[in-house]
Amino acid sequence: MLQQTRVETVIPYWHRFLASYPTVESLARADLDDVYVLWTGLGYYSRARNLKYAAETVVANHQGRLPDSAEKLRELKGIGRYTAGAIASIAFGLEEPLVDGNVIRVFARVLGIRTDTTSKDVISRLWDIAGLLVRGTRPGDLNQALMELGAILCSPRKPDCGACPIQKHCDAYVQGDAESLPIKKRKPKPKPMRAVAAWIERDGKILVVRRPEKGLMAGLWEFPGGEIGLKEEGKDRCAEILQEVVGLGVRDPISAGHIEHIFTHRRLDLEVFRCRARPAQRVARSGYTDHRWIAPNTFLELAHAGSTRKAMRLLGLTDEISARNAKRKMP
DNA sequence: CAATCGTGGGT
DNA sequence: TACCCAAGATT
């Protein structure tokens, strides 16, 4: 959960997750759909699938106990170099290093690294240095201290150098350029993208579809729809797309408005329509892995992404149901 | 190696 | 507003 996600964001999800799946065995036995529900709103949903798959592997191949070496941990789905180092050092007390965004920033400043820190060369060197530092009796504490230093004092903007315990050892502090480090390649802007989605009602129920297990919002439920050209008319394309993806003919799509949603690499403009399916038709899916006709309010109980949540709100679905069941109001 | 994969907070 | 960033991993 912590991969690319702030601790404060993770905490309520972590409590709910552990309440549902307190053991590796319980997660291994779980229904993947239920795991996705607990991940709703957290993002990077492949982590949920990988975590469940890893739990199954641990039960099947490791007697239900996590392997106690960084090398073996890395063989599990979703566990890369950082996570293996974190588990090995913090949970097992092994002298294994870790390098995350915080550590990169701390090292770049302390050591005065003024070249691109995203290069393979520099990253490799940082891992070597972390490996030298972690030797000792409390490797987990050393690793967490490095990350905490980066998160609390040695922050990306306005680092609190005055309170830093290693100020006098810091090259960037001496040079006075801490705020401009580390140097990174700038990331491309999110590309504009348009899509339509439809509330299709029949006999008081609406049609929802499940996305494939790979790609954007993998495995999540959404309103049926699809991508359209940047200059196309949403209303015209809506009926055509529904015919393509669910095999339903609809009449008179009426726009309920647009929502905007920013992903890391996409800027989505989603136009949402209400329409009715012509009677006596069967759903014929294309691209989706499942579909259901559900009572509208129960959509909130299925795993879904933030963009779908916005569409729901636009269509008048409130989050009263999930708010009742959750300690914290879902985003 | 570059692209992909979410979302929320901060400046 | 626009951009950066977060206890990264996978393809």
Side-chain angles (χ1 to χ4, degrees), chain A residues 1-14 36 39-51 53-54 73-91 96-106 108 116-124 126-127 130 140-152 154-159 179-193 211-220 222 259-268 303-310 328-331:
Chain A
M1 285 182 172
L2 288 166
Q3 291 166 356
Q4 289 288 281
T5 308
R6 293 174 186 281
V7 175
E8 299 74 32
T9 302
V10 162
I11 288 171
Y13 285 89
W14 185 81
Y36 278 136
W39 219 273
T40 288
L42 192 56
Y44 286 142
Y45 299 95
S46 64
R47 294 179 297 178
R49 178 166 35 80
N50 289 339
L51 184 57
Y53 186 70
L73 283 164
R74 285 199 62 178
E75 294 173 10
L76 297 170
K77 234 2 178 198
I79 297 186
R81 196 172 181 184
Y82 162 80
T83 306
I87 296 172
S89 65
I90 298 169
E96 290 285 351
L98 60 78
V99 173
D100 74 334
N102 292 303
V103 176
I104 291 172
R105 186 167 56 254
V106 169
D116 179 13
T117 56
T118 65
S119 78
K120 189 177 126 189
D121 213 42
V122 170
I123 293 294
S124 170
L126 296 185
W127 274 95
D141 287 352
L142 184 281
N143 284 335
Q144 294 190 72
L146 277 176
M147 293 189 286
E148 287 291 292
L149 179 60
I152 297 172
C154 197
S155 53
R157 303 226 173 32
K158 297 190 177 180
E179 285 196 56
S180 64
L181 298 180
I183 295 167
K184 297 184 178 182
K185 284 190 283 286
R186 52 173 299 191
K187 289 172 182 170
K189 280 206 298 194
K191 289 187 210 159
M193 165 189 174
R211 296 175 62 89
E213 291 297 321
K214 293 194 171 188
L216 192 66
M217 299 178 282
L220 303 188
E222 67 178 9
I259 65 102
E260 183 173 88
H261 194 78
I262 314 284
F263 300 97
T264 306
H265 54 296
R266 292 261 144 73
R267 180 189 204 93
L268 172 66
H304 58 273
S307 55
T308 301
R309 174 62 60 100
K310 288 179 184 174
R328 187 178 77 97
K329 191 175 171 184
M330 300 292 283

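All figures in this text were calculated on a predicted structure; none of them were measured in a lab. The sequence lines fix the lettering, A, B, ..., with proteins before strands; numbering per chain opens at 1.
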Asker: With heavy atoms under 4.0 Å as the rule, sort A/Met217 into base, sugar-phosphate or nothing.
Answerer: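 A/Met217: backbone/sugar contact only, no base atoms under 4.0 Å.
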
Asker: Mind checking A/Ile262 for me? I need base, sugar-phosphate or nothing, with any heavy atom below 4.0 Å counting as a touch.
Answerer: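 Base: the residue A/Ile262, judged by heavy atoms under 4.0 Å, touches a nucleobase.
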
Asker: Heavy atoms, side chains only, cut-off 4.5 Å: are A/Arg105 and A/Pro159 in contact?
Answerer: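 The answer is no; the side chains never approach within 4.5 Å.
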
Asker: By nearest heavy atom, map A/Ser119 and A/Arg266 onto DNA chain B; which one lands nearer the 5' end?
Answerer: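 Looking at the nearest nucleotide for each, A/Ser119 comes out on the 5' side.
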
Asker: Expressed as a whole number of angstroms, how long is the span from A/Ile11:CD1 to B/dG9:C1'?
Answerer: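 Going from A/Ile11 (CD1) to B/dG9 (C1'), I get 15 Å.
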
Asker: Which nucleotide wins on minimum distance to the side chain of A/Lys77, given the candidates B/dT7, B/dC5, C/dT11?
Answerer: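 Within the option list, the nearest is C/dT11.
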
Asker: May I ask you to evaluate whether A/Gln4 reaches the phosphate of C/dG8, defined as a side-chain N or O under 4.0 Å from OP1 or OP2?
Answerer: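 Affirmative; the distance criterion is met.
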
Asker: Which nucleotide, B/dG6, C/dT10, C/dC5, lies nearest any side-chain atom of A/Pro156?
Answerer: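 Taking heavy atoms from C-beta onward, the closest nucleotide is C/dC5.
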
Asker: When we call it a touch if two heavy atoms are under 4.0 Å apart, what does A/Glu148 touch: a base, just sugar-phosphate, or nothing?
Answerer: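 Result for A/Glu148 = base.
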
Asker: For the NE2 atom of A/His304 and the OH atom of A/Tyr36, what is their distance to the nearest 0.5 Å?
Answerer: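 Going from the NE2 atom of A/His304 to the OH atom of A/Tyr36 covers 15.0 Å.
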
Asker: Ignoring backbone atoms, test whether A/Tyr13 places a side-chain nitrogen or oxygen under 4.0 Å from the OP1 or OP2 oxygen of B/dT7.
Answerer: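 A/Tyr13 to B/dT7 OP1/OP2: no side-chain N or O under 4.0 Å.
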
Asker: What is the distance from CD1 of A/Ile79 to P of C/dT10, rounded to the nearest Å?
Answerer: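 The answer, rounded to whole Å, is 9 Å.
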
Asker: NA contact type, A/Lys120, heavy-atom cut-off 4.0 Å: base, sugar-phosphate, or nothing?
Answerer: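 Sugar-phosphate only.
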
Asker: How close or far is atom C1' of B/dG6 from atom NZ of A/Lys310, stated in whole angstroms?
Answerer: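 So the two atoms are 11 Å apart, to the nearest Å.
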
Asker: Does some side-chain heavy atom of A/Met147 sit less than 4.5 Å from a side-chain heavy atom of A/Val103?
Answerer: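 The answer is yes, as the side chains (C-beta and beyond) meet within the 4.5 Å cut-off.
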
Asker: Quick one: which of C/dC3, B/dG9, B/dT7 gets closest to the side chain of A/Arg6?
Answerer: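 Nearest to the side-chain atoms of A/Arg6, counting from C-beta on, is B/dG9.
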
Asker: Is the phosphate of B/dC5, meaning OP1 or OP2, less than 4.0 Å from a side-chain N or O of A/His265?
Answerer: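 The answer is yes; a side-chain N or O of A/His265 sits under 4.0 Å from OP1 or OP2.
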
Asker: From CG of A/Leu42 over to P of B/dG6, roughly how many Å is that when rounded to an integer?
Answerer: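 Result: 11 Å.
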
Asker: What residues, two or more places apart in sequence or in another chain, satisfy side-chain hydrogen bond (donor to acceptor under 3.5 Å, both in side chains) together with A/Ser89?
Answerer: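 side-chain hydrogen bond (donor to acceptor under 3.5 Å, both in side chains) list for A/Ser89, sorted by chain: A/Asn143.
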
Asker: Expressed in whole Å, how much space separates the C1' atoms belonging to B/dC1 and C/dA6?
Answerer: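 B/dC1 and C/dA6 have their C1' atoms separated by 22 Å.
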
Asker: Mind calculating the distance between CG (A/Asp121) and C1' (B/dC1) to the nearest angstrom?
Answerer: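 Spelled out: CG on A/Asp121 to C1' on B/dC1 is 14 Å.
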
Asker: Mapping A/Lys189 and A/Thr264 onto DNA chain C by nearest heavy atom, which one lands closer to the 5' end?
Answerer: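 It is A/Lys189 whose nearest nucleotide is closer to the 5' end.
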
Asker: Taking only N and O in the side chain of A/Arg105, is any of them less than 4.0 Å away from OP1 or OP2 of C/dA6?
Answerer: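 For A/Arg105, the contact criterion (side-chain N or O under 4.0 Å from OP1 or OP2 of C/dA6) is met.
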
Asker: Please state the C1' separation for the pair B/dC5 and C/dC5 - nearest whole angstrom.
Answerer: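 These two C1' atoms come out 16 Å apart once rounded.
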
Asker: Quick one: label A/Arg157 by what it contacts on the DNA or RNA (base, sugar-phosphate, nothing), any heavy atom closer than 4.0 Å.
Answerer: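 Sugar-phosphate: the residue A/Arg157, judged by heavy atoms under 4.0 Å, touches backbone atoms but no base.
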
Asker: Taking atom P of B/dT7 as reference, at what distance in whole Å does atom CZ of A/Arg47 sit?
Answerer: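 In whole Å, B/dT7 P and A/Arg47 CZ are 10 Å from each other.
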
Asker: Working to the nearest 0.5 Å, report the span between CG of A/Asn50 and OH of A/Tyr45.
Answerer: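 Separation between the atoms: 15.0 Å.
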
Asker: Is the base of B/dG6 touched by the side chain of A/Ser307 through a donor-acceptor pair closer than 3.5 angstrom?
Answerer: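 No pair found.
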
Asker: Quick check on C/dA9: is either OP1 or OP2 less than 4.0 Å from any side-chain nitrogen or oxygen of A/Thr83?
Answerer: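 For C/dA9, OP1/OP2 do have a side-chain N/O of A/Thr83 under 4.0 Å.
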
Asker: Quick one: which of C/dA7, B/dA2, C/dC4 gets closest to the side chain of A/Leu2?
Answerer: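 Per side-chain heavy atoms of A/Leu2, the pick is C/dA7.
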
Asker: Could you say whether A/His261 or A/Lys191 is positioned toward the 5' end of DNA chain B, judged by the nucleotide with the nearest heavy atom to each?
Answerer: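 It is A/Lys191, whose closest nucleotide lies nearer the 5' terminus.
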
Asker: How far does the P atom of B/dG8 sit from the matching atom of C/dA9, given to the nearest Å?
Answerer: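 Taking atom P in both B/dG8 and C/dA9, they lie 22 Å apart.
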
Asker: When you get a sec, tell me which of B/dG6, C/dA9, C/dA7 is the closest nucleotide to the side chain of A/Phe263?
Answerer: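 That would be B/dG6.
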
Asker: Just to be sure I understand the rule, does A/Gly150 reach a base, reach only the sugar-phosphate, or reach nothing, if contact means heavy atoms closer than 4.0 Å?
Answerer: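 Touches nothing.
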
Asker: So how far is it from A/Ile79 CD1 to A/Ile87 CD1, rounded to the nearest 0.5 Å?
Answerer: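 Those atoms lie 4.0 Å apart.
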
Asker: Rounding to an integer number of angstrom, what distance separates C/dA7 and B/dA3 when you compare their C1' atoms?
Answerer: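 Here C/dA7 and B/dA3 have their C1' atoms 23 Å from each other.
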
Asker: Starting at atom OH of A/Tyr44, determine the distance to atom C1' of B/dA3, rounded to an integer number of angstrom.
Answerer: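 So the OH-C1' distance, A/Tyr44 to B/dA3, works out to 11 Å.
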
Asker: Using whole Å, report how far NZ of A/Lys187 lies from P of C/dA6.
Answerer: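 Between P of C/dA6 and NZ of A/Lys187: 8 Å.
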
Asker: Just checking A/Arg74: base, sugar-phosphate only, or nothing, at a heavy-atom cut-off of under 4.0 Å?
Answerer: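 No contact.
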
Asker: Quick one, A/Ile123 and A/Thr118 - any side-chain contact, counting heavy atoms below 4.5 Å?
Answerer: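 A side-chain contact under 4.5 Å is absent here.
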
